[in-house]
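Single-structure report; data block below.
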Amino acid sequence: MAANEDQEMELEALRSIYEGDDCFKEISPISFQFRIGDLEDTKAFLMDITWPETYPETGPQISLDTFFNNRISAETKQIILSRLEEQVAVNLGTAMMYTLFEWAKENQEALMEHHKPVVTTVTLTSSSEVKMHVSAAKKKEKKVQLTKAQKKRIISRTDNKGELPRGWNWVDVIKV
């Protein structure tokens with residue numbers, strides 16, 4: 001069989017296996033994304049895989065350079081890529097996408113065992129930015145200003161202590 005026929009058969013198999021699965025996304029007939037782990041999981045990652053023309057005789061191109069993976073350190077990405085490349089070498093010459101996806105799912109904990117989330121910090125560059133932020137916070141704390149009419153209405157409803165009279169919110173029951 002030619003490489004294109006193998007690709008078509010594997011593509012058909014992948015579509016039938018992962019139909020309705022939100023972890024699998026077909027970008028094009030030769031490019032796929034597969035998420036390992038849940039969206040909320042801090043150890044989840046997204047594999048971006050592209051088939052070269054000679055796939056499966058040559059391995060697919062695997063990338064972890066997606067926005068979803070920004071919180072993963074470069075060292076962890078290298079570990080994941082090297083272990084995936086080992087699996088590609090073992091399965092070279094055969095349809096390997098399903099095998100790669102399932103292997104990554106089963107070994108997610110081992111792949112991410114040295115994972116330390118990348119934390120990006122934002123620093124202020126000048127004290128004027130701090131002053132502007134503090135003054136904006138003070139402006140939000142102001143009391144609501146009442147008009148004279150609103151104040152008169154409140155006073156006319158209350159007694160001299162500022163309390164509403166007993167029964168002010170009672171409803172009259174009317175028999176029909």
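Note that the numbering runs from 1 along the sequence shown for the chain.
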Counting only N and O atoms by type, is there a donor-acceptor contact under 3.5 Å from the side chain of [X] to the main-chain atoms of [Y]?
{"X": "Arg83", "Y": "Ala110", "result": "yes"}
{"X": "Glu26", "Y": "Arg15", "result": "no"}
{"X": "Gln7", "Y": "Pro52", "result": "yes"}
{"X": "Ser28", "Y": "Ser31", "result": "yes"}

If you take all heavy atoms of [X] and [Y], which pair is closest and at what distance?
{"X": "Met96", "Y": "Glu10", "result": "N-OE2, 3.3 Å"}
{"X": "Leu84", "Y": "Ala104", "result": "CD2-CB, 4.4 Å"}
{"X": "Val88", "Y": "Pro60", "result": "CG1-CD, 3.9 Å"}

Original post:
side-chain contact (heavy atoms from CB on, under 4.5 Å) with Lys25: which of Ile27, Asp21, Asp22?
Top reply: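 Among Ile27, Asp21, Asp22, the one meeting side-chain contact (heavy atoms from CB on, under 4.5 Å) with Lys25 is Ile27.
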Shared hydrophobic cluster for [X] and [Y] (ILVMFWY, side-chain gaps under 4.5 Å):
{"X": "Tyr98", "Y": "Phe24", "value": "yes"}
{"X": "Phe101", "Y": "Ile79", "value": "no"}
{"X": "Val90", "Y": "Tyr55", "value": "no"}

If you measure from [atom1] on [X] to [atom2] on [Y], what distance do you get to the nearest 0.5 Å?
{"X": "Thr76", "Y": "Arg71", "atom1": "OG1", "atom2": "CZ", "result": "11.5 Å"}
{"X": "Glu86", "Y": "Asn91", "atom1": "CD", "atom2": "CG", "result": "12.0 Å"}
{"X": "Thr50", "Y": "Ile62", "atom1": "OG1", "atom2": "CD1", "result": "10.0 Å"}
{"X": "Cys23", "Y": "Asp38", "atom1": "SG", "atom2": "CG", "result": "7.0 Å"}
{"X": "Glu106", "Y": "Ile36", "atom1": "CD", "atom2": "CD1", "result": "10.5 Å"}
{"X": "Thr66", "Y": "Met47", "atom1": "OG1", "atom2": "CE", "result": "11.0 Å"}

Would you say that [X] contacts [Y] through its side chain, given a criterion of any heavy-atom pair below 4.5 Å between the two side chains?
{"X": "Asp48", "Y": "Asp65", "answer": "no"}
{"X": "Phe34", "Y": "Met97", "answer": "no"}
{"X": "Gln33", "Y": "Ile49", "answer": "no"}

Subject >> Ile72/Leu64 under side-chain contact (heavy atoms from CB on, under 4.5 Å): CA gap, chis, key distance, verdict >> reply: CA-CA 9 Å; Ile72 300 173; Leu64 296 175; over 6 Å; no
**OP:** Could you tell me which residues satisfy ring-ring contact (aromatic ring centres under 6.0 Å, His included) with Trp103, sequence neighbours excluded, listed by chain and number?
**Re:** none
Subject >> Neighbour count above 12 (heavy atom, 6.0 Å) for Gln78 CD >> reply: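 Open.
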